[in-house]
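Read the structure below first, then the notes.
Counting from 1, the numbers follow the sequence of the chain as shown. When reading the values below, keep in mind they use all heavy atoms of this one structure, side chains included, and skip hydrogens, waters and symmetry mates.
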Amino acid sequence: MDFGLLFSEFPSLTFDGIALGAIYALISLGYTLVYGVLRLINFAHSEVFMIGTFAALMASSNIMGVKIEDDPLSGGKLILTIVVCLVVAMLTSGIVAVLVEIVAYRRLRKRGATKLATLISAIGVSITLVEAFRIMTDSLPREFPRFFEKSLVAEIAGAQIRNDKLLVIFAAGLMMFVLDRFISKTRIGKGIRAVSQDEQTSVLMGININRVVTVTFLMGGLMAGAAAFFYVLVYENTSFRVGFFLGISAFTAAVLGGIGNIRGALVGGFALGLLEVYGSVLLGTAWKHVIAFTILVLVLLLKPTGLLGESIQQARV
């Protein structure tokens, strides 16, 4: 264990952990929202994220014409490219998430199927999407073009602040704030909390359950699409199996913060990102995913309600 490296690079590692945690938090919102409303884990959510990475890649090459060998962009072209790729990734993941709800959840829910049947259906959709993209990509990873020159913009308390990770932190924080306000203040957001608290009473009050569930999946998909774009922006690669380990880590973040709690997903994402970065320095990068699995098991054994332990229907301003 290299404690010397951990202490000497602690500020920079903390910044890197926050950037990674922001991506985890965005993905974990999908797990949290669906669980908060349906009390089910959407195991196809990791593939929603994976598809978002490919959507961002297609947008950069086919819409904006940015190639791997091109020089970094600047000015208005850079801003436009980032916005277009982000929007395309979010919309694609959002649409896929809604389709997953229609295919894997809605008909079973109407027929009063058990939660186990719905869970198996979601796993089937997940495997189908993974295998479809494995075939389409010939099981090969894809490289994402570098939009701009990655450089240090500042050094604060010894932490080296890189421009791409700074963008991820601020953009992810803004999106999570907007989602929190959406759930807390809007009419449909109040409907989501009402259905989460008591579905039968919500129906009697005139709330359209299908609409609420669809919007819930859409919101989770949009956040996963944003996470997908930020992931390829920072790490510049993707593959058909990219969603598996990130999905496990994001699910761990949701459980760590308190499954069903939007703000808990934020706390859990940042906490897990920091723990993984610190643990990778001490134990080696090969142990990164082991750390996530270990944290998941410990949380389920010791504090299954998570750090905040507050479900979505109880969330307050």
Side-chain angles (χ1 to χ4, degrees), residues 17-42 45 48-49 52 83 86-87 89-91 93-94 97-98 101 165-198 202 207 211-231 246-247 249-274 299 305-317:
I18 292 174
L20 177 61
I23 296 176
Y24 285 160
L26 285 174
I27 305 173
S28 68
L29 285 170
Y31 291 110
T32 284
L33 286 168
V34 172
Y35 181 84
V37 173
L38 297 180
R39 292 296 184 268
L40 292 169
I41 303 300
N42 179 18
H45 188 63
V48 172
F49 165 81
V83 170
L86 175 61
V87 170
M90 291 179 68
L91 289 178
S93 291
V98 171
E101 188 273 323
K165 295 183 178 180
L166 186 64
L167 173 63
V168 169
I169 294 173
F170 275 109
L174 176 61
M175 290 181 180
M176 286 182 278
F177 174 78
V178 170
L179 179 64
D180 184 73
R181 294 296 90 188
F182 175 83
I183 296 295
S184 300
K185 298 296 186 181
T186 65
R187 184 180 180 86
I188 186 64
K190 293 177 182 178
I192 290 173
R193 285 187 287 148
V195 174
S196 176
Q197 187 170 9
D198 192 325
S202 299
I207 295 176
R211 182 188 176 199
V212 167
V213 173
T214 298
V215 171
T216 301
F217 273 83
L218 176 62
M219 292 297 103
L222 291 175
M223 294 301 104
F229 170 72
F230 294 139
Y231 175 84
L246 265 79
S249 295
F251 177 66
T252 301
V255 174
L256 178 61
I259 189 72
N261 186 338
I262 293 176
R263 297 175 188 180
L266 171 64
V267 173
F270 286 139
L272 181 63
L274 290 170
V299 171
T305 57
L307 295 175
L308 301 186
E310 181 182 321
S311 58
I312 190 173
Q313 72 269 20
Q314 298 171 317
R316 295 292 183 266
V317 179

The side chain to side chain contact (heavy atoms under 4.5 Å, CB included) partners of Thr214 (sequence neighbours excluded) come to Val98, Glu101, Arg106
Minimum heavy-atom distance [X]-[Y], with the two atoms named:
| X | Y | value |
| --- | --- | --- |
| His45 | Gly221 | CE1-N, 4.5 Å |
| Arg193 | Ser184 | NH2-O, 3.0 Å |
| Ala228 | Gly52 | CB-C, 3.4 Å |
| Ala271 | Leu256 | CB-CD2, 3.8 Å |

Compare all side-chain heavy atoms of [X] with those of [Y] and state whether any distance is below 4.5 angstrom.
| X | Y | answer |
| --- | --- | --- |
| Leu246 | Phe49 | yes |
| Lys165 | Ile18 | no |
| Ile27 | Met223 | no |
| Phe217 | Val212 | no |
| Leu222 | Ser93 | no |
| Ile183 | Leu33 | yes |

Please report the interatomic distance [atom1]([X]) to [atom2]([Y]), rounded to the nearest 0.5 Å.
| X | Y | atom1 | atom2 | result |
| --- | --- | --- | --- | --- |
| Met219 | Ile262 | CE | CD1 | 11.0 Å |
| Asn261 | Leu29 | CG | CG | 10.0 Å |
| Ile207 | Lys190 | CD1 | NZ | 11.5 Å |
| Leu26 | Phe230 | CG | CZ | 6.5 Å |
| Tyr31 | Ile259 | OH | CD1 | 9.5 Å |
| Thr32 | Arg263 | OG1 | CZ | 13.0 Å |

Show me the donor-acceptor pairs, under 3.5 Å and distance only, between side chains in residues 166-176 and residues at least two apart or in other chains.
none

Among residues two or more places apart or on two chains, list those pairs meeting side-chain hydrogen bond (donor to acceptor under 3.5 Å, both in side chains) that have a residue in residues 19-28.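 Every pair satisfying side-chain hydrogen bond (donor to acceptor under 3.5 Å, both in side chains) with a residue in residues 19-28: Tyr24-Glu276.
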Take Met90 and Phe229, measure what side-chain contact (heavy atoms from CB on, under 4.5 Å) needs, and give me the verdict at the end. CA-CA 8 Å; Met90 291 179 68; Phe229 170 72; over 6 Å; no
